[in-house]
*Asks:* 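Right, I'll just put the structure down here and ask away after.
A, B, ... follow the sequence lines: proteins, then strands. Residue 1 opens every chain.
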Amino acid sequence: MLELKNISKTFNPGTINEKRALCGVDLTLKEGDFVTVIGGNGAGKSTLLNAIAGVWPVDTGSILIDGINVTGLPDYKRARWIGRVFQDPMTGTAATMQIEENLALARRRGQKRTLRWGVTQAEREEYRERLKILNLGLEDRLTAKVGLLSGGQRQALTLLMASMMKPKLLLLDEHTAALDPKTAEKVLAATERIVNENHLTTLMITHNMKDAIAHGNRLIMMYEGQIIYDVSGEEKKKLRVPELLEKFEQVSGEELADDKLILS
Amino acid sequence: MTAYFASLSAADLLGRLPAGVAQGLIWGIMALGVYITFRILDIADLSVDGTFSTGAAVTVMLIISGVNPWLALLAAFAAGCAAGMVTGLLNTKLGIPAILAGILTQYALYSVNLVIMGMKANQAVSVDKYALIVSGRNVPMAILVGGLLAAAVIAVLYFLFGTELGEALRATGCNPQMSKAQGININVMKVFGLALSNGLVAYAGGLAAQYSGFADVNSGRGAIVIGLAAVIIGEVIGEALLGKYLNFAGRLTFVVIGGILYYLVYTLVLWLKIDSNLMKLFTAIIVAIFLAVPYLRGQKKSSFGRAGKQSARKEAK
């Protein structure tokens with residue numbers, strides 16, 4: 001479903017701030033794969049997702065989604081195949097627009113936007129049904145401005161928007177990191193359900209090792225712009241946090257000095 | 001002093017008010033254009049000072065050469081759209097910040113407008129010779145036509161921003177990152193929004209030229225500030241009167257009302273025999289105050305000065 005071949009990206013090349021963020025990353029995801037991504041700060045996790053989403057062009061390599069080479073396409077053109085949820089709950093939705101308008105924007109992802117009505121009556125019914133899944137009472141607030149919602153509600157809504165048109169690929173960039181633990185748990189549970197029900201091929205970055213192990217069928221660990229550990233299937237199911245830490249030290253040759261990663 | 005007050009007559013003021021309303025309606029249509037960029041796209045577009053005159057120039061020159069005034073207005077709209085597209089392309093394709101792009105377009109338009117007007121700073125179009133749509137000579141008719149045109153523009157904008165395209169435009173102004181993730185080409189949207197906005201401004205310029213009976217290369221000077229004044233005055237009054245019941249159609253209507261109120265104040269200032277050249281100073285002060293109000297309100301709730309004072313009180317105890 002997703003194929004990355006030798007992806008490299010260097011930020012600010014030739015300056016004192018030069019940063020080699022991705023160094024020849026290869027990664028292939030099968031249809032329906034739910035992959036969790038872990039790694040310390042600056043390991044290249046978000047950079048990897050941004051490269052796939054097309055936020056900027058990569059320096060080398062190819063990106064194929066469902067066999068289509070999208071390397072030369074900007075983000076808004078790749079959006080027809082990709083659903084995204086960001087770390088900041090404010091990023092994924094338009095605050096001054098209504099809940100139903102936000103959903104309608106997502107429903108037309110990848111389609112030409114014409115002078116037809118932005119939200120139709122038939123859609124409203126559909127949105128109400130879909131919002132019920134979240135169990136947040138949003139189905140009765142279709143015309144409320146999204147800016148009135150809490151961070152957790154907005155993140156859940158973004159998740160719904162990202163998954164609504166059954167994207168070929170769902171990219172979750174630490175989408176629960178900015179939420180309080182209880183809300184994070186709820187959003188994560190909703191994620192699990194939506195991904196499973198729709199069989200979405202998913203890449204999920206997380207800072208939480210337990211979550212990384214508990215969710216998905218495959219786990220990859222990144223370090224200095226490379227994938228240093230890749231585990232799936234039965235082996236992943238048996239994985240425990242101490243083992244994962246040990247693995248990191250083994251492969252990277254240093255201790256994992258990220259409090260957020262260890263403590264959570 | 002007594003002589004000054006004696007020279008003011010209430011009847012005179014009442015007599016002047018209708019003309020203020022008529023002009024306010026025309027500038028209200030212009031303010032609707034400013035609303036699109038300032039409030040929906042979140043861009044302060046300074047091209048409008050130029051495009052207002054462009055609309056006036058195109059309209060007057062076409063009418064003089066025998067074109068139907070309605071068609072001339074349509075051409076003015078198209079010319080405004082083209083100028084807005086230039087600003088948009090400077091911004092999106094060449095990476096020039098939106099404010100600078102607008103200033104460049106506005107600056108260039110001064111020359112363009114002179115060329116349109118045959119290198120004359122002023123071109124007259126007399127209502128005696130041509131069948132103008134509005135004229136300052138027939139104020140009640142101007143109010144009627146201006147009111148109908150403003151209502152038509154509000155209706156069109158209201159429906160446009162309810163369509164898929166309109167929602168994409170609103171999303172672009174509200175959250176560009178989210179818009180891109182939803183497959184919206186935000187550069188195309190910005191160019192489209194700037195074109196539409198400047199089209200409306202030029203259209204209003206064409207109406208204003210017919211109303212006053214001439215096109216002047218300087219007629220658009222300060223249009224952006226008057227537009228902002230109308231938008232802000234309209235919003236403050238609309239929110240005060242309707243509160244949360246103020247929907248999108250209401251907002252657009254109050255923008256036009258803001259334009260009318262601005263011109264009524266203008267009329268009052270002239271009636272008080274204050275030099276109209278000082279009006280720009282008053283306008284700037286009014287706009288600055290209204291723009292500052294939301295910020296100052298926030299400061300009242302939470303500022304370092306406040307924090308320091310309450311801390312000093314506590315410590316003194």
*Asks:* Please step through salt bridge (charged side-chain N to carboxylate O under 4.0 Å, His left out) for the pair A/Glu101 and B/Arg170, ending with a clear verdict.
*Replies:* CA-CA 10 Å; A/Glu101 288 173 336; B/Arg170 282 158 60 205; 2.8 Å; yes

*Asks:* How many angstroms lie between atom NZ of B/Lys190 and atom CG of B/Leu89, to the nearest 0.5 angstrom?
*Replies:*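 That separation rounds to 12.5 Å.
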
*Asks:* Can you say whether B/Phe159 sits under 4.5 Å from chain A via the side chain, the backbone, both, or neither, judging by heavy atoms?
*Replies:* both

*Asks:* Check the orientation of A/Phe11 and A/Trp56. Use parallel for under 30°, tilted for 30 to 60°, and perpendicular for over 60°.
*Replies:*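 Rings of A/Phe11 and A/Trp56: perpendicular, over 60°.
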
*Asks:* Please determine, among A/Thr114, A/Thr96, A/Leu171, the option with the most heavy-atom pairs under 4.5 Å with chain B.
*Replies:* A/Thr114

*Asks:* Taking every heavy-atom pair that is under 4.5 Å apart, which of A/Arg108, A/Gln111, A/Lys77, A/Arg84 has the most such pairs with chain B?
*Replies:*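 Highest number of pairs under 4.5 Å: A/Arg108.
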
*Asks:* Measure the acute angle between the ring planes of B/Tyr35 and B/Phe248, then classify it against the limits of 30° and 60° as parallel, tilted or perpendicular.
*Replies:*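 Ring orientation of B/Tyr35 relative to B/Phe248: tilted.
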
*Asks:* Taking the side chain as C-beta and beyond, is there a heavy-atom pair between A/Ile7 and A/Leu4 under 4.5 Å?
*Replies:*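 Yes, their side chains come closer than 4.5 Å.
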
*Asks:* Tell me which of these, A/Ala162, A/Ala94, A/Gly110, has more heavy-atom pairs under 4.5 Å with chain B than the rest.
*Replies:* A/Ala94

*Asks:* Under a 4.5 Å heavy-atom cut-off, does chain B meet the side chain of A/Met165, its backbone, both or neither?
*Replies:*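 Neither part.
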
*Asks:* Given a strict heavy-atom distance threshold of 4.5 Å, which part of B/Ile186 is in contact with chain A: side chain, backbone, both, or neither?
*Replies:* neither

*Asks:* What part of A/Val55 is in contact with chain B, defined as an atom under 4.5 angstrom from a non-hydrogen atom: side chain, backbone, both or neither?
*Replies:*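 For A/Val55, there is no contact with chain B at all, as no heavy atom is under 4.5 Å.
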
*Asks:* Give a yes or no on whether a salt bridge exists between B/Glu235 and B/Arg39, defined as a side-chain N under 4.0 angstrom from a carboxylate O.
*Replies:* yes

*Asks:* Select one option (side chain, backbone, both, neither) describing which atoms of A/Thr93 are under 4.5 Å from chain B's heavy atoms.
*Replies:*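 Contact with chain B is through the backbone of A/Thr93 alone.
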
